[in-house]
Amino acid sequence: MSPQHTPGAHRPPKPQRVLACVLCQQRKVKCNRKFPCDNCIKSKAQCVPASQLPRQRRRRFPERELLDQLHKYEDLLRSNNISFEPLQKDGTRAHESANVESGDDLDMEQSRCTNASTPSTSVTAAQPTRWETRDLWHMMRQGFRDPEDSDSESSREDVGEIAIRIAWDQSCLNDDCLLFGVRQTAVNLTTMHPETTHIFKLWQLFLDNVNSLFRVVHVPSLQGRIIEAIGDMNSLSPVLEALLFSIYSMAVLSLTAHECLMAFGSSKKDLLAKYQLGCQQALVNSGFLRTSDRECLTALFLYLVSVSTSTDPRALSSMLGLAIRLAQRMKIDTEAACVASGVLEGEMRRRLWWALVLLDARVSQIADYKSQTLTPTWDCRVPSNVNDADLRLEMKNPPAIHGQPTEAITCVVRSELGDFIRNCTWHLNHTAPNLKVIARKLSSIPQGLNMESGEVLGLENMIEDKYLQRCDPDNPLHFMIIWETRQFIAKCHLMQIYSALASTSPTTAVSNLDAVVPYAIHMLECDTRIMTSPLTKRYRWTANYNFPAPGYMHLAECLGRRPLSEHADQAWEVMSDNCEARFAHSFLDRGPFFEMLTRLVFHAWTAREAVAAQSGEAVEPPRIVTKLKNVMHQKDQVVGPPSTELLAEGLIAGTSDIPPRMAMGLGERNGFVAPEIGDPYDFPVHTSLRADMNFLDWAAMDWVTGTGQPSAWNDYIYSK
DNA sequence: ACAATCGGACTCTCAATAGT
DNA sequence: CTATTGAGAGTCCGATTGTA
């Protein structure tokens, strides 16, 4: 009810409001406001005048708690796959709840986890609550806070953090040379930038070939700053300079050696070396080891991707560990901090965090190190399916989620897959069983299936319905994510079954391996589609990341054991198709894939020939065997092994872009595959299985030394 | 019958927000 | 800057309950 204001009249200064005495207030009776009042006199009570309470700050949305409660129940419905009509379909919720505190009970934690993976209702649907751990400073600030002034808590927190940061900054520790060597002041970075037209060209290449996959750069806001910066390169901020050099590096990396020469008149190797050095220098100038600047971390991330093809994965894994630690200090792994940093910044932080985590998980596997990053211990939400243009700096409310694929489709789907892996039972069973209690319950398990196989099918249904079915197969980006995802899911099926077989008897395990063959075949088919399509040309620099090594290994193992199995002919066909597709783009020439492939394929073919010899049957070798034999023969014609320089050029120039273990996505554990990103890279294999797989002893192969000559393979093949 | 309790409709106040 | 809004603070009617 609105108050009745007396219009017009000049009011005398308001007399102090006299309140009913405490007893009358308590009794809810009329007080005559004399002290002592009639009621107190009558009841012979002490009459105490009441004092006005300081008015609390009005809460903008008093129904907020109710809304939160409602959203919690909606999340539970959602996580249990019960259909309902959500209260809000727009993205208003997260903004409202940005500063809401909630309980710490397990239910809430779980519903938060659910939020983290279900961005369908709102952009920042996650409850930014007390998921994050508290540090010492935080706890001390909590102790001194004014209980009546809850609103100022966050600002005081900021002040405290700033004070600590300033204190460290003022201590003037010279830590710049901890990595990347001593600052080379002699090198003037302004001279290392490309000419203006080349900057634009590199920027465009970066947007098309790289950023469309990662979306770690917000194009509308950065583009203007780059144009502005080009006007006066001398006054570039160190962070923007680092970002620029990382963009140049990635743009160059995404080209083939020939394309690079045509576009810029310099070799890919030279340009990469120059821009990577520039990036190192600019990162040092930015004080990147103590940075809190998201863009500085983005530059470091892009730099690491750009060197990933020429770096030992163990070294790269260590550097990624550093980047992850920087990210954690900046709290970009924490949803509450992402929400608090604003709509645009929060979204960019989420994209960067997932990009870092996914790369780290992948590289850790390759480096044969069990990363603990892809686990349910943090709550950064999966990035939202929105276009960059939907995100503006001044935004207060998150934009509506698109139902159709947006520019961010690859980073959204890849993050969804990563989010699945970090919560799924069969992954946690052997990576971090103790974390299963905090893992989000994965929804949409089809009826009649056990949890583990159901999880993968549930993921497959969800991803297909929510994303892939809505993609346009003629759109290069969509085409790429469709087949990359299907390959990944086939691999998940493969790994899940391996995981399940680990707890069965050796005989059962081996006999069941045939059941997995269709998934291995599908993996290769997906990869062949990517490799043979003209649509994916601009993304071919990532091809090594998707090499279907687990598929090859499984097929070769099964063909070696049962050369005449029902899937044998089909398996040889898909392997031949994939091999040809990969050779067509030189990804197998001289490179590590070749060495791995020859081992696998000849092992399987030897078994097939042995069977044929027993029955006196003449068999025609499949295309893949012929192809590999021809290449082997040609290699023998070459005088000496490929030189280190040639190999390095080949590696850098994209003919075989990735160093041996990196390229394969393999670890060496038990001589068997450590699958690619997000996979259980430490899954147990039966001892009997292991013994039989020892022929695939990757560690024994002379990948790196001896310029990649397959010494083990040579011994094997020539002893025949 | 009277006193005490208390649900809840109502009024008042003023911070937040909209409008100029 | 003023006007408006509406949430929160405060008031107290009157139904209900307790007690002598």
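Both backbone and side-chain heavy atoms feed into the values below; hydrogens, waters and symmetry mates do not. Quick note on labels: first sequence line is chain A, next is B, and so on, each numbered from 1.
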Kindly point out which of [options] is positioned nearest to the side chain of [X]?
{"X": "A:K30", "options": "B:dA3, C:dT11, C:dC13", "result": "C:dC13"}
{"X": "A:K28", "options": "C:dG10, B:dT5, C:dC12", "result": "C:dC12"}
{"X": "A:K42", "options": "C:dT11, B:dC6, B:dA3", "result": "B:dA3"}

Subject >> Pair A:D388 + A:R351, salt bridge at N-O below 4.0 Å >> reply: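 A:R351 and A:D388: salt-bridged.
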To the nearest angstrom, how far is [X] atom [atom1] from [N] atom [atom2]?
{"X": "A:K44", "N": "B:dA4", "atom1": "NZ", "atom2": "P", "answer": "11 Å"}
{"X": "A:Q26", "N": "B:dC6", "atom1": "CD", "atom2": "P", "answer": "9 Å"}
{"X": "A:L23", "N": "C:dC12", "atom1": "CG", "atom2": "P", "answer": "14 Å"}
{"X": "A:R27", "N": "C:dG14", "atom1": "CZ", "atom2": "C1'", "answer": "17 Å"}

Original post:
If you measure only the distance, is there a donor-acceptor pair under 3.5 Å linking the side chains of A:E347 and A:H218?
Top reply: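 Their side chains do not contain a donor-acceptor pair, so the 3.5 Å distance test is not met.
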Original post:
Got a sec: does the CZ of A:R33 have more than 12 other heavy atoms crowding it under 6.0 Å?
Top reply: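 More than 12 within 6.0 Å, yes.
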Subject >> Distance below 4.0 Å between A:R33 side-chain N/O and C:dT11 OP1 or OP2 >> reply: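 Yes, such a contact exists.
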**OP:** Would you please test A:L359 and A:F301 for side-chain contact (heavy atoms from CB on, under 4.5 Å) and show each step?
**Re:** CA-CA 9 Å; A:L359 183 64; A:F301 166 74; 3.8 Å; yes
**OP:** Scan A:Q25 against the nucleic acid and name what it touches under 4.0 Å (heavy atoms): base, sugar-phosphate only, or nothing.
**Re:**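 Contact class for A:Q25: sugar-phosphate only.
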Subject >> Sugar-phosphate only, base, or nothing, as touched by A:C24 at under 4.0 Å among non-hydrogen atoms >> reply: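 No contact.
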